[in-house]
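Here is how names work: the chains are called A, B, and so on, in the same order as the sequence lines, proteins then strands, and each is numbered from 1.
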Number of protein chains: 2
Amino acid sequence: MTRVSPKTLSFSQECNDCPIRHRAVCARCEADELTQLEQIKYYRSFEAGQTVVWAGDKMDFVASVVTGIATLSQTMEDGRRQMVGLLLPSDFAGRPGRETSAYDVTAATDLVMCCFRKKPFEEMMLRTPHIGQRLLEMTLDELDAAREWMLLLGRKTAREKIASLICIIARRDASLQLSASDGELRFDLPLTREAMSEYLGLTLETVSRQMSALRKEGLIVTEGKRQIVIPDFDALLEETGDDSDGGFLI
Amino acid sequence: MTRVSPKTLSFSQECNDCPIRHRAVCARCEADELTQLEQIKYYRSFEAGQTVVWAGDKMDFVASVVTGIATLSQTMEDGRRQMVGLLLPSDFAGRPGRETSAYDVTAATDLVMCCFRKKPFEEMMLRTPHIGQRLLEMTLDELDAAREWMLLLGRKTAREKIASLICIIARRDASLQLSASDGELRFDLPLTREAMSEYLGLTLETVSRQMSALRKEGLIVTEGKRQIVIPDFDALLEETGDDSDGGFLI
DNA sequence: TTGACACATTGATGTAGATCAAGACCATGA
DNA sequence: TCATGGTCTTGATCTACATCAATGTGTCAA
């Protein structure tokens, strides 16, 4: 099987620095609009660990990830943290029509984002309806992903959570194309144990223990610190608790 | 304090049987479009406990809740269930551009929904862009709610989960208007213990125990089976673990 | 080469919430 | 009046994961 979302992949191959991926998606995009988008866009780089914006801070731009990984997190007063969004290349951040960020946005790895000042972007959305339609589609996808994530957080065991996360990243991470040979998947797991624990609603120790367990059972192989090999993707899928035909929502 | 979302309330007062709440929201709605909407809409009623659609089933309509409460749930192969959506009057269900339902949709109470066949609805969306814009706005709100919910599922204690759920319903349930006098809130908790446990990622026994605890401490008072009185809303908010100025996301 | 630091692993122990089990409460209907 | 079934409560016990603590590993810089 080793299914990979063709959609995500094709986007990131063709154009991943446009918030609505217009070159890949919108045949109807007119040259004028394209040019306007080009004019208002700019790039920002962050080092791994840096914060892009804090929850509550002013955020006068929308952006999409060009390279690297960004996370959205919520923090409680006493410091408990829960990741609520994971942005891979070509994913979109920022909410039109809101002044401040509702979440901490953090660079999980070195990160380049393609930004658009919010005002002109919103004006352009009004002028070109299909951009709004594309944004609606993307938001609905994110909502589905969030709901999948809720099932994980509310009902899965630690082991199932880890297996699920690895499968999710394997499916989404474009770099896996590099060696999707003979049923074996090799890719970077670009998150620290701590980031994984924030994603999964676990402690970092539990993440480490469950990773070790999967390793001992041969379901995953680790090479170096972050490189992961999945010898048999279907076997790992079995451990996620998901329906074996499990949709395509992420 | 006892803050109540003015937005939700005004919608449900003025027009809660329109999926995009156009009468309340869209000054720009033209008579023609209104008439068209009226023509393609129809009503469906369900008894408490009935299933509206199963996950994977064909769903050729979109709908909004008129009265009652509907839930969206996901089920794992072994029967573990997690609620991923709670629809109160005026909330929207169904995804334009998808053939089948991704979730079980269930009537938590007796329920009336206002439905629109999907095809004509989608066509109308294309003709009138601001309906799509409104839908985007609503979807973004839902995404925010889902992320709040993820924090609850991943990081809150059982006690905090219960307190949060009660506050969420108190804020959203329009019926609370009836007696929002002198800081005391009285309203129906329209969910069984089991439904609450599916919402919160707990067992029904834990829900029951924590409800009893809050009752013994005087944070809530129960009258009959489902009627709840919150003598001091702020005191209950303290127990949710949320920031005391905690945004307005639901 | 040696700290120093960030990150990961592993062990020992504690505990919140799950699980299993027994009743209580309350409506409905014979 | 008493059964019946659905919902809720409460108790006893178990366990998955958290917590606390020590140690290991790789990288960088002096």
Side-chain angles (χ1 to χ4, degrees), chain A residues 47-50 76 78-82 106-110 152-163 165-166 188-217 220-228 239 241, chain B residues 47-50 76 78-82 107-110 152-166 188-217 220-228 239 241:
Chain A
E47 285 173 28
Q50 267 193 298
M76 296 172 67
D78 61 4
R80 280 175 281 174
R81 275 172 72 86
Q82 175 64 51
T106 311
T109 63
D110 289 347
L152 177 149
L153 289 171
R155 293 302 182 193
K156 289 190 179 180
T157 65
R159 181 186 175 87
E160 289 168 337
K161 286 178 175 183
I162 299 282
L165 174 56
I166 295 176
D188 263 2
L189 209 182
L191 300 176
T192 64
R193 298 287 180 260
E194 185 174 30
M196 292 174 70
S197 74
E198 283 178 15
Y199 185 110
L200 299 170
L202 298 170
T203 59
L204 120 195
E205 293 94 327
T206 298
V207 170
S208 185
R209 273 185 252 274
Q210 297 294 338
M211 290 287 286
S212 299
L214 292 179
R215 198 186 310 122
K216 272 170 200 147
E217 296 172 36
I220 59 173
V221 181
T222 52
E223 304 195 340
K225 211 90 218 186
R226 296 283 175 80
Q227 183 108 172
I228 287 202
E239 303 299 325
Chain B
E47 285 173 27
Q50 266 193 299
M76 296 171 68
D78 60 4
R80 280 176 281 174
R81 276 172 71 86
Q82 175 64 50
T109 63
D110 290 346
L152 177 148
L153 290 171
R155 295 300 183 195
K156 289 191 178 178
T157 65
R159 180 187 175 87
E160 289 168 337
K161 287 178 174 182
I162 299 282
S164 300
L165 175 56
I166 295 175
D188 261 3
L189 208 182
L191 301 176
T192 64
R193 297 287 180 263
E194 185 175 29
M196 292 174 70
S197 75
E198 284 178 12
Y199 185 110
L200 300 171
L202 297 170
T203 59
L204 119 195
E205 294 95 326
T206 298
V207 170
S208 184
R209 273 185 252 273
Q210 296 294 338
M211 290 286 287
S212 298
L214 292 179
R215 196 185 312 121
K216 273 171 199 146
E217 296 172 36
I220 59 174
V221 181
T222 52
E223 303 195 340
K225 212 90 218 188
R226 296 284 176 77
Q227 183 108 172
I228 287 203
E239 304 298 325

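- No hydrogens or angles were tested; on distance alone, nothing pairs the side chain of B:Glu205 with the base of D:dC8 as donor and acceptor under 3.5 Å.
- Going from atom CD of A:Gln210 over to atom P of D:dA16 covers 10 Å, rounded to whole Å.
- With sequence neighbours left out, the side chain to side chain donor-acceptor pair (under 3.5 Å) criterion links B:Arg159 to B:Glu217, B:Glu239.
- In this structure, A:Gly49 reaches neither bases nor backbone, as no heavy-atom distance under 4.0 Å exists between it and the strands shown.
- One can place CD of A:Glu194 at 15 Å from C1' of D:dT19, the figure rounded to the nearest angstrom.
- A donor-acceptor pair under 3.5 Å is formed between the side chain of A:Arg80 and the backbone N or O of B:Arg155.
- Remark: A:Glu194 engages A:Thr192, A:Ser197, A:Glu198, A:Leu204 in a side chain to side chain contact (heavy atoms under 4.5 Å, CB included) (not counting sequence neighbours).
- Taking the side chain to side chain donor-acceptor pair (under 3.5 Å) definition, one finds that B:Ser212 meets it with nothing, sequence neighbours left out.
- Listed by chain and residue number, nothing satisfies the side chain to side chain donor-acceptor pair (under 3.5 Å) test with A:Gln50 (two or more places apart in sequence, or in another chain).
- When the side chain to side chain contact (heavy atoms under 4.5 Å, CB included) test is applied to B:Thr206, the partners found at least two apart in sequence or on another chain are B:Ala158, B:Leu202, B:Thr203, B:Gln210.
- Backbone-only contact: B:Ser212 has heavy atoms under 4.0 Å from sugar-phosphate atoms and none from a base.
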Practice problem: For each nucleotide in nucleotides 22-29 of chain D, reading 5' to 3', give B when a protein heavy atom comes within less than 4.0 Å of its base, S when such contact involves only the sugar-phosphate, and - otherwise. | Solution: --------
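- We find that CG of B:Leu214 is positioned 13 Å from P of D:dT10, with the value rounded to whole Å.
- Not a single side chain to side chain donor-acceptor pair (under 3.5 Å) links B:Arg193 to another residue, sequence neighbours left out.
- Base engagement by B:Ser208 is indicated by at least one non-hydrogen atom pair under 4.0 Å involving a base atom.
- Other residues, nucleotides and ligands contribute more than 12 heavy atoms inside 6.0 Å of the CD atom of A:Glu223.
- Counting distance only, with no hydrogens placed and no angle test, the side-chain atoms of B:Arg193 and the base atoms of D:dG6 include no donor-acceptor pair under 3.5 Å.
- Between the side chain of B:Asp110 and the backbone N or O of B:Glu47 there is no donor-acceptor pair closer than 3.5 Å.
- A side-chain donor-acceptor contact under 3.5 Å links A:Gln82 to the backbone of A:Tyr199.
- Listed by residue number, B:Thr157, B:Ala158 are the residues of residues 154-164 of chain B with a heavy-atom contact under 4.0 Å to DNA chain C.
- Where DNA chain C meets chain A (any atom under 4.0 Å from a heavy atom), the bounding nucleotides read 5' to 3' are C:dA8 to C:dA12.
- Map A:Leu202 and B:Val207 each onto its nearest nucleotide of DNA chain D; the residue landing nearer the 5' end is B:Val207.
- Residue pairs that meet the salt bridge (Lys or Arg N to Asp or Glu O under 4.0 Å) test with at least one member in residues 199-216 of chain B, sequence neighbours left out, do not exist here.
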